[in-house]
Amino acid sequence: MKNNLTFEMPKKKFTIEFIVGIFVIFGILCFAYLSINLASIKIFKNNFYTVTAKFDNISGLLVGAPVEIAGVRVGEVSKISLDNTSALLSLSINNGIELRDDDIASIRTKGIIGEKYVKILPGGADDVIKADGRLSETESAVDLEEIIGKVIHRME
């Protein structure tokens, strides 16, 4: 007697649970991507070097503010600390960008009441600032409220 039992594997079809699972995973990945980008978290190590600059007044400049040369973003403010009565900024600059000894760092505002950023005005020196060096020439932020207050008090 011969046993004629044959087993056929059922054909697998994509079930609704499988499709929903794929969409859930895709949604979690999209949420994670947006969360990381909106929070400006650096997951991968970027190629930056750090320089410092000392200012008398930074007037509302925040960590993460852009550093620009000729309107092009070349880095960001990575740390703000107090050095006696001055503000000491640590600037993370892209590795391909060379800052010179006589470059001038100034704090500017985009528009009338826009965000603050650090603008680097290039100098003409040949000496390049090395990593952990210092920009010696700085221009502090112009405090618009202080200027308006002085004008108003003079009018009285």
Side-chain angles (χ1 to χ4, degrees), residues 17-156:
E17 291 86 3
F18 179 78
I19 294 171
V20 169
I22 294 294
F23 278 116
V24 168
I25 291 171
F26 180 73
I28 290 171
L29 291 174
C30 288
F31 179 74
Y33 174 78
L34 287 174
S35 297
I36 289 169
N37 282 335
L38 290 176
S40 298
I41 297 172
K42 305 284 189 266
I43 291 180
F44 303 107
K45 184 179 178 185
N46 291 325
N47 295 323
F48 291 109
Y49 68 96
T50 302
V51 296
T52 58
K54 189 184 277 190
F55 292 89
D56 293 330
N57 180 8
I58 60 170
S59 186
L61 185 77
L62 301 172
V63 171
V67 175
E68 297 181 356
I69 297 176
V72 177
R73 186 178 180 136
V74 296
E76 66 180 27
V77 176
S78 57
K79 182 179 175 186
I80 299 173
S81 58
L82 191 61
D83 183 26
N84 291 328
T85 59
S86 300
L88 185 64
L89 301 182
S90 293
L91 309 175
S92 296
I93 306 296
N94 296 340
N95 270 341
I97 306 300
E98 292 182 339
L99 298 180
R100 310 256 183 243
D101 277 344
D102 64 343
D103 287 355
I104 302 170
S106 60
I107 298 178
R108 301 292 171 100
T109 305
K110 292 188 180 194
I112 295 175
I113 55 173
E115 70 174 337
K116 302 274 187 184
Y117 69 100
V118 177
K119 180 178 182 178
I120 306 288
L121 299 168
D126 292 330
D127 297 331
V128 176
I129 298 175
K130 305 279 186 210
D132 298 323
R134 176 171 282 187
L135 284 165
S136 56
E137 301 292 325
T138 61
E139 294 177 357
S140 293
V142 175
D143 193 358
L144 197 58
E145 292 175 355
E146 185 177 326
I147 293 171
I148 293 172
K150 287 180 181 178
V151 169
I152 290 173
H153 289 297
R154 285 185 187 164
M155 296 174 87
E156 291 178 347

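Being a predicted model, the structure only gives us computed values, none of them experimental. All values below come from the heavy atoms of this structure, side chains included, with hydrogens, waters and symmetry mates left out.
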I'd like a table of donor-acceptor pairs (distance under 3.5 Å, sequence neighbours excluded) in which one partner is a side-chain atom from residues 120-131, with atom names and distances.
none

Side-chain donor-acceptor pairs under 3.5 Å in residues 17-33, sequence neighbours left out?
| from | atom 1 | to | atom 2 | distance (Å) |
| --- | --- | --- | --- | --- |
| Glu17 | OE1 | Thr15 | OG1 | 3.3 |
| Tyr33 | OH | Asn37 | ND2 | 3.1 |

Might you point out which heavy atoms bring [X] and [Y] nearest each other, and give the distance in Å?
{"X": "Arg108", "Y": "Ser106", "answer": "NE-OG, 3.3 Å"}
{"X": "Tyr49", "Y": "Asn95", "answer": "CD2-OD1, 3.6 Å"}
{"X": "Lys110", "Y": "Glu68", "answer": "NZ-OE2, 2.8 Å"}

Next item on the list: Any chance you could lay out the side chain to side chain contact (heavy atoms under 4.5 Å, CB included) test for Leu91 and Val77, step after step, and finish with the verdict?
Entry: CA-CA 5 Å; Leu91 309 175; Val77 176; 3.8 Å; yes

Note to self: Which residues pass the side-chain hydrogen bond (donor to acceptor under 3.5 Å, both in side chains) test with Lys79, not counting sequence neighbours?
What the structure shows: none

Note to self: Taking salt bridge (Lys or Arg N to Asp or Glu O under 4.0 Å) as the definition, give me every residue that meets it alongside Lys150, ordered by chain and number, with sequence neighbours left out.
What the structure shows: Glu146

Next item on the list: List in chain and number order the residues that pass salt bridge (Lys or Arg N to Asp or Glu O under 4.0 Å) with Glu137, two or more places apart in sequence or in another chain; answer none if no residue qualifies.
Entry: none

Check: What residue pairs, at least two apart or across chains, pass salt bridge (Lys or Arg N to Asp or Glu O under 4.0 Å) with a residue in residues 89-105?
Finding: Glu98-Arg100

Item checked: Test log, rule side chain to side chain contact (heavy atoms under 4.5 Å, CB included), inputs Ile69 and Leu99 -> CA-CA 10 Å; Ile69 297 176; Leu99 298 180; 3.9 Å; yes

Next item on the list: Please list all pairs passing the side chain to side chain donor-acceptor pair (under 3.5 Å) test where one or both residues lie in residues 84-94, with sequence neighbours left out.
Entry: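 Pairs touching residues 84-94 that pass the test: Ser78-Ser92.
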
Acceptor/donor pairs from residues 51-64 side chains to any protein atom, 3.5 angstrom cut, sequence neighbours excluded:
| from | atom 1 | to | atom 2 | distance (Å) |
| --- | --- | --- | --- | --- |
| Thr52 | OG1 | Gly133 | O | 3.4 |
| Thr52 | OG1 | Arg134 | NE | 3.4 |
| Lys54 | NZ | Asp83 | OD2 | 2.7 |
| Asn57 | OD1 | Ser59 | N | 2.9 |

Item checked: Thr109: side-chain contact (heavy atoms from CB on, under 4.5 Å) partners, not counting sequence neighbours ->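 Applying side-chain contact (heavy atoms from CB on, under 4.5 Å) to Thr109 gives Lys116.
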
